[in-house]
Protein chains: 2
Amino acid sequence: MDTTQRTEQQRSADRRRRELLEAADRVVLRDGPQASMNAIAAEAGITKPILYRHFGDKGGLYAALAQRHTDALLGSLRAAVDAPAGRRERVEATLDTYLAAIEARPQVYRFLMHPAEGSQGGDQGFDVGKHSAPLLRRMGEELAQVIEERLDLGPGSQQLARVWGHGIVGMMHAAGDWWLGERPCSRAELVRSLADLLWGRLAAAGDKMGGPGF
Amino acid sequence: MDTTQRTEQQRSADRRRRELLEAADRVVLRDGPQASMNAIAAEAGITKPILYRHFGDKGGLYAALAQRHTDALLGSLRAAVDAPAGRRERVEATLDTYLAAIEARPQVYRFLMHPAEGSQGGDQGFDVGKHSAPLLRRMGEELAQVIEERLDLGPGSQQLARVWGHGIVGMMHAAGDWWLGERPCSRAELVRSLADLLWGRLAAAGDKMGGPGF
DNA sequence: ACACGCGTGTTACTAACGGTAACGTTACTG
DNA sequence: CAGTAACGTTACCGTTAGTAACACGCGTGT
C-alpha cells in the first residue's frame with residue numbers, strides 16, 4: 001500500500017513537473033531568458049511558491065528546462081556524427097545540424113547559452129572559468145570523446161581530443177552566433193567555410209603580396 | 001572664456017569619469033559581473049545617482065568599463081598578430097597572448113564575456129543572435145580583417161575571412177574557458193594543440209581501427 | 001464521527017536590485 | 001549680493017527572487 005501510494009504520488013508529481021516545464025518553455029520562448037518566475041507561474045495557472053517547491057530556485061528550473069533541450073540537441077548531433085559517411089561529410093552534417101537547430105529556435109538557443117543570468121541572490125563566489133553554458137561544455141566533452149575514440153592522434157591523444165572538442169564546439173558556436181545575427185551567407189556556405197577551416201585551408205593558403213602572410 | 005570654461009569642466013568631468021571607472025573596476029574585480037550599482041557607488045565614495053548621471057544606466061557603465069579592457073586586450077593581440085615571424089609562430093603568439101590575458105585576470109575576463117547580464121528593466125526585445133560579448137565580436141571582426149588582408153583565399157575571400165575570424169576567435173574563447181576551469185594542461189600545450197587543429201591535423205589524422213573515423 | 005497528517009494551493013511579505021524625483025550645497029559669475 | 005549650474009544627497013518607485021504563514025481537500029487510524 002505504502003509503495004503504491006508513493007508511486008501514485010510520484011507519478012502525479014512528475015506529471016505536474018512536466019506541465020510546469022512546458023509552461024516555462026512557452027514563456028521562455030516568448031519572453032526570452034529574462035522570463036520571470038511570476039510570468040512562468042501565471043502561464044502554468046498557478047503561483048510562485050509551487051514553482052519553488054518543485055524546482056528549488058530559478059537556477060533549478062532553468063537547469064531542468066535546459067537539460068531537456070540540451071538532451072534533444074545532443075541526440076540530433078550524435079545522429080549526425082554517427083552517420084554512415086566520410087569524415088568530411090560527417091563534420092559538415094554535424095555543423096549543419098547544430099546551425100539548423102539554432103536557426104529554427106533562436107530563443108531556445110539563446111536561453112541555453114545564457115541560462116543562469118540575472119541571478120542576484122547571493123552568488124558571490126562567481127565560478128571563474130565555469131561561466132560557459134552547460135550546453136557548450138557537454139557538446140565539447142561529447143565531441144572530445146568521439147574524436148578520441150575514432151581518431152589516431154598518437155601520444156597525448158586524450159588531451160588533444162578534449163582541446164579539439166571544446167575548440168571545435170566553440171568555433172561552431174561563435175560562428176553560428178555571428179551568422180544568426182548578420183546572416184551574411186547561406187547555411188550551406190557557412191558549413192563549407194568552417195569545414196574548410198578545420199581542413200587546414202588556413203595553413204595552406206598562400207600569402208597575399210606585400211609582407212609575410214598571417 | 002566659454003571655451004576655456006568648457007574644457008575645464010570637461011576635464012573635470014573626464015577625470016571624475018576615470019575615477020568612477022577605476023572604482024567600478026575594483027568592484028567588478030572583487031565581486032564579478034554581478035557587482036551592483038550601489039556597491040560601485042560606495043567604492044567610489046559617492047551614491048548611485050551620480051553614476052547614473054555619468055553613464056546613463058548600468059549598461060552604459062559596463063560598456064565603458066568593457067571598452068577599456070577590450071581596447072587593451074586588442075592592442076596586445078594586434079602586437080602579437082603583427083610580430084615579425086612566420087604564420088604559425090604568429091598564430092601561436094596570438095593564442096598565447098589571449099590565454100595569458102584571461103589567465104592573469106579571470107574576473108575581468110568573465111566580466112567582459114558576460115557584461116549585460118542581470119538587466120531586469122524592460123528589455124523585452126532580447127536581441128536574438130547578438131547575445132555574444134562585444135569583445136568576441138570585435139576580436140572576430142579584427143581577425144577577419146587581418147586574414148582578408150594577408151591571405152590569398154581566392155573568390156569569396158571576404159566572407160570566408162569573416163567566418164574564419166569569428167570561428168577562430170570562438171575556438172580560442174571556448175577552449176580558453178574550458179582550460180581556465182579545469183587546467184588540464186599547460187598554456188603552451190594548449191596553444192600547440194589549438195594551432196595543430198588549425199593546421200589541419202583533424203583532417204590529416206588516421207582512423208583508429210574499427211569502422212570509419214570521425 | 002472526529003482528529004490527524006499530508007500534499008496542494010494561496011496571500012502577503014522581505015530584501016535587494018535598477019532607476020528616478022526632489023531636495024540641499026557649494027562655488028563661480030553677472 | 002542674486003542667479004545659476006554642477007555636485008551630491010535622501011527618499012522613493014516598480015520589479016524581481018525567494019519565503020513564511022495560512023487555508024483547503026482527502027484519505028486514514030481510532
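The analysis underlying the following values was restricted to heavy atoms, covering all of them including side chains, and did not include hydrogens, waters or symmetry mates. To find a chain, count down the sequence lines: A is the first, B the second, and so on, and within it residues start at 1.
The distance from atom NZ of A:K58 to atom C1' of C:dC17 is 13 Å, rounded to the nearest whole Å. Taking atom CG of residue B:L20 and atom P of nucleotide D:dC7, one finds them 11 Å apart after rounding to whole Å. Atom-to-atom, CE of A:M37 to C1' of C:dC17 comes out at 17 Å; the value is rounded to the nearest Å. Separating the CD atom of A:Q34 from the P atom of C:dG18 is a distance of 13 Å, rounded to the nearest angstrom. At whole-Å resolution of the value, CG in B:L51 and P in D:dC7 are 13 Å apart. In this structure, B:I46 atom CD1 and D:dG8 atom P are separated by 7 Å, rounded to whole Å. Atom CZ of B:R17 is separated from atom C1' of D:dC7 by 17 Å (rounded to the nearest Å). If you measure from atom CG of B:L61 to atom P of C:dG19, you get 10 Å, rounded to the nearest angstrom.
A:H69 and A:F111 have perpendicular rings, their planes meeting at more than 60° on a 0 to 90° scale where under 30° would count as parallel.
Under 4.0 angstrom from either OP1 or OP2 of D:dG8 there lies no side-chain N or O belonging to B:T47. Taking 4.0 angstrom as the limit, A:R16 places a side-chain polar atom (N or O) nearer than this to OP1 or OP2 of C:dG9.
Each of A:R53 and A:N38 has a nearest nucleotide on DNA chain D; the 5'-most of these lies closest to A:N38. Comparing A:K48 and A:H54 along DNA chain C, the residue whose closest nucleotide (by nearest heavy atom) sits nearer the 5' end is A:H54.
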Requested in this report: Just do the salt bridge (Lys or Arg N to Asp or Glu O under 4.0 Å) check on B:R192 and B:D96 with the steps written out, would you?
Outcome: CA-CA 9 Å; B:R192 250 178 62 91; B:D96 194 65; over 6 Å; no

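For CZ of B:R105, the number of neighbouring non-hydrogen atoms (other residues, nucleotides, ligands) closer than 6.0 Å is 12 at most.
Between A:R137 and A:E141, no side-chain nitrogen of the basic residue sits less than 4.0 Å from a carboxylate oxygen of the acidic one, so the salt-bridge criterion is not met.
For A:P49, the side-chain atoms get nearest to D:dT19 when compared with the rest of C:dG18, D:dT9, D:dT19. Listed candidates were C:dG19, D:dT16, D:dG8. Nearest to the side chain of B:I50 is D:dG8.
Between B:Y62 and B:F55, a ring centre-to-centre spacing not shorter than 6.0 Å is recorded.
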